[in-house]
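Data first, discussion second: the structure below is written as structure tokens.
A, B, ... follow the sequence lines: proteins, then strands. Residue 1 opens every chain. Just so you know, these numbers come straight off a predicted model, no measurement behind them. Excluded from the calculations below are hydrogen atoms, water molecules and symmetry mates; all remaining heavy atoms, backbone and side chain alike, are included.
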There are 2 protein chains.
Amino acid sequence: MIQDKKLNIINAAMKSFSHFGYKATTMDQIAKIAQVGKGTIYTYFSSKEDVLNEIIKLYVNEMRQVARGAIIQEDSFVKNFNAALHAITKFQEEHELMIKLSQEVKDMGTPEVIEVLQEVEDEICEFIEMKITAAIQRGELQKCDPKMTAFLMFKMYINLVNDWKERHQALDQDEITGFIKMYFIEGIGNKK
Amino acid sequence: MIQDKKLNIINAAMKSFSHFGYKATTMDQIAKIAQVGKGTIYTYFSSKEDVLNEIIKLYVNEMRQVARGAIIQEDSFVKNFNAALHAITKFQEEHELMIKLSQEVKDMGTPEVIEVLQEVEDEICEFIEMKITAAIQRGELQKCDPKMTAFLMFKMYINLVNDWKERHQALDQDEITGFIKMYFIEGIGNKK
DNA sequence: ATAATGACTATAATACTATAACGGTCAATT
DNA sequence: AATTGACCGTTATAGTATTATAGTCATTAT
């Protein structure tokens, strides 16, 4: 029953953050949606920011599940990389939360939101890093710094999925897999 | 003599934009520094934005010169890529203009400035694109879309030079050359 | 004639102030 | 022991008065 109340609050906050963003959501609103008194929120959370952080923690866990679910043991590293990132992207599109928070950072720059989005990015990079380390061990990838490789691959993925389409046309999943493979795995140099 | 006045104005505006940014620079200020009446500015330029655009046009030309100057015919594509980008970066650090304008975009989002910075980025990408096309023709690079390759290489360079150092430590020019070569040219895949 | 000028204007940004809304607390209530 | 909403100090917002700014144009200088 105690967990029930906390869950109500989390769900209410999640809903409101997704619809209106972090700043535009008031504690009174969360309390109203959750059907609890405002004070009750503070028995489970220390502040508004704390509510956001807990929600992101749950969200990141779900995201990790989704990414794991997209991976097929027998498939190549690149294929799984793209499958996982694509699954994460789709997950984020389905749940408005990240989209709304990204918007908020873009046009208001709310510091608390900047911080949690950075955390989400770090988590994704860490996930990729693990997969890279494994791929190196099984000999699929050459020795390289897993942290930096993860960072660069993630950035390239975002460049391909989001930034490229702003100036040219959008790419589908297979095209992206192809490009990542071409540029990152095989390289575009010609051996002499 | 007519060119002299226009040049005065351009130099005055350049100085003021570099010190105070675009928004914080007033036409009265430009006129004062250039030692002309404000009305005179409008015989050479149609608007404040026009002044900015002409300055950027000159700036991009200088940048191109600098980039060309950094290139050594006998050197490899990657080496020249890094030399050129490094020269551009140093050029931008020496002349405060770009740094000030980037700041302004970050904390005020002035639309006119966003636009010219995008133009500068496009110009750099076009420069890289030319070099890539040449490298493909002489067989140093595999066949690939030069526009996208230029875009991705530029972004990776920025990721390495700017974004990585925010979370970890800065990399020097040789390290960056090494990474670009490793990830982009040779690839990190292991042939079976 | 032509080019240059700065007082002038309409508009947009800023500073100021009064008001409302907010996050967080806590005495009263269940 | 858990829950609550009226309450408080602070911050954000709205409304308004004032200033500053981009751009014009009649006047002046060349």
Need to verify one output field. Residue with the more 5' nearest nucleotide on DNA chain D, Thr26(B) or Gly37(A)?
Gly37(A)
Among the candidates dG23(D), dG23(C), dT4(D), find the nucleotide nearest to the side-chain atoms of Met27(A).
dG23(C)
Round to a whole Å and report the spacing from CG of Asp50(A) to P of dG23(C).
14 Å
Testing dG23(D), dA4(C), dT13(D) for proximity to the side chain of Lys23(A), the answer is dT13(D)
Rounded to whole Å, NZ of Lys48(B) lies from P of dT21(D) at a distance of 9 Å
For DNA chain C, whose closest nucleotide is more 5', that of Tyr22(A) or that of Gly39(A)?
Tyr22(A)
Take the protein atom OH of Tyr44(A) and the nucleotide atom P of dA2(D), then report the distance between them rounded to whole Å.
8 Å
Between Lys147(A) and Glu126(A), does at least one N-O distance fall below 4.0 Å, as a salt bridge requires?
no
Between dA4(C) (P) and Asp4(B) (CG): distance, integer Å
11 Å
Return the value, rounded to whole Å, for the distance between atom NZ of Lys32(B) and atom C1' of dG6(C).
14 Å
What's Thr25(B) touching, base or sugar-phosphate or nothing? Going by heavy atoms closer than 4.0 Å.
sugar-phosphate
OP1 or OP2 of dA3(C) versus the side-chain N and O atoms of Thr43(B): is any pair under 4.0 Å?
no
In whole angstroms, the gap separating P of dA22(D) from CD1 of Ile41(B) amounts to 9 Å
Ser18(A) side-chain N/O to Met14(A) backbone N/O, donor-acceptor pair under 3.5 Å:
yes
Start at the 5' end of DNA chain C and walk down; is the nucleotide closest to Gln35(B) or to Ser47(A) reached first?
Gln35(B)
Nearest to the side chain of Thr40(B), which nucleotide is it out of dG24(C), dA4(C), dA22(D)?
dA4(C)
Between Thr43(A) and Thr40(A), is there a donor-acceptor pair closer than 3.5 Å when you use the side chain of the first and the backbone of the second?
yes
Quick one: Asp28(B) CG to dA13(C) P, roughly how many Å, whole number?
17 Å
Measure NZ/Lys5(A) against C1'/dT4(D) and give the value in whole Å, please.
10 Å
If you group Ile, Leu, Val, Met, Phe, Trp and Tyr by side-chain heavy-atom gaps below 4.5 Å, do Val60(A) and Ile158(A) land in one group?
yes
Respond yes when some side-chain nitrogen or oxygen of Lys38(A) is under 4.0 Å from OP1 or OP2 of dG5(D), and no when none is.
no
Backbone of His19(B) reached by a side-chain donor or acceptor of Glu96(B) within 3.5 Å:
no
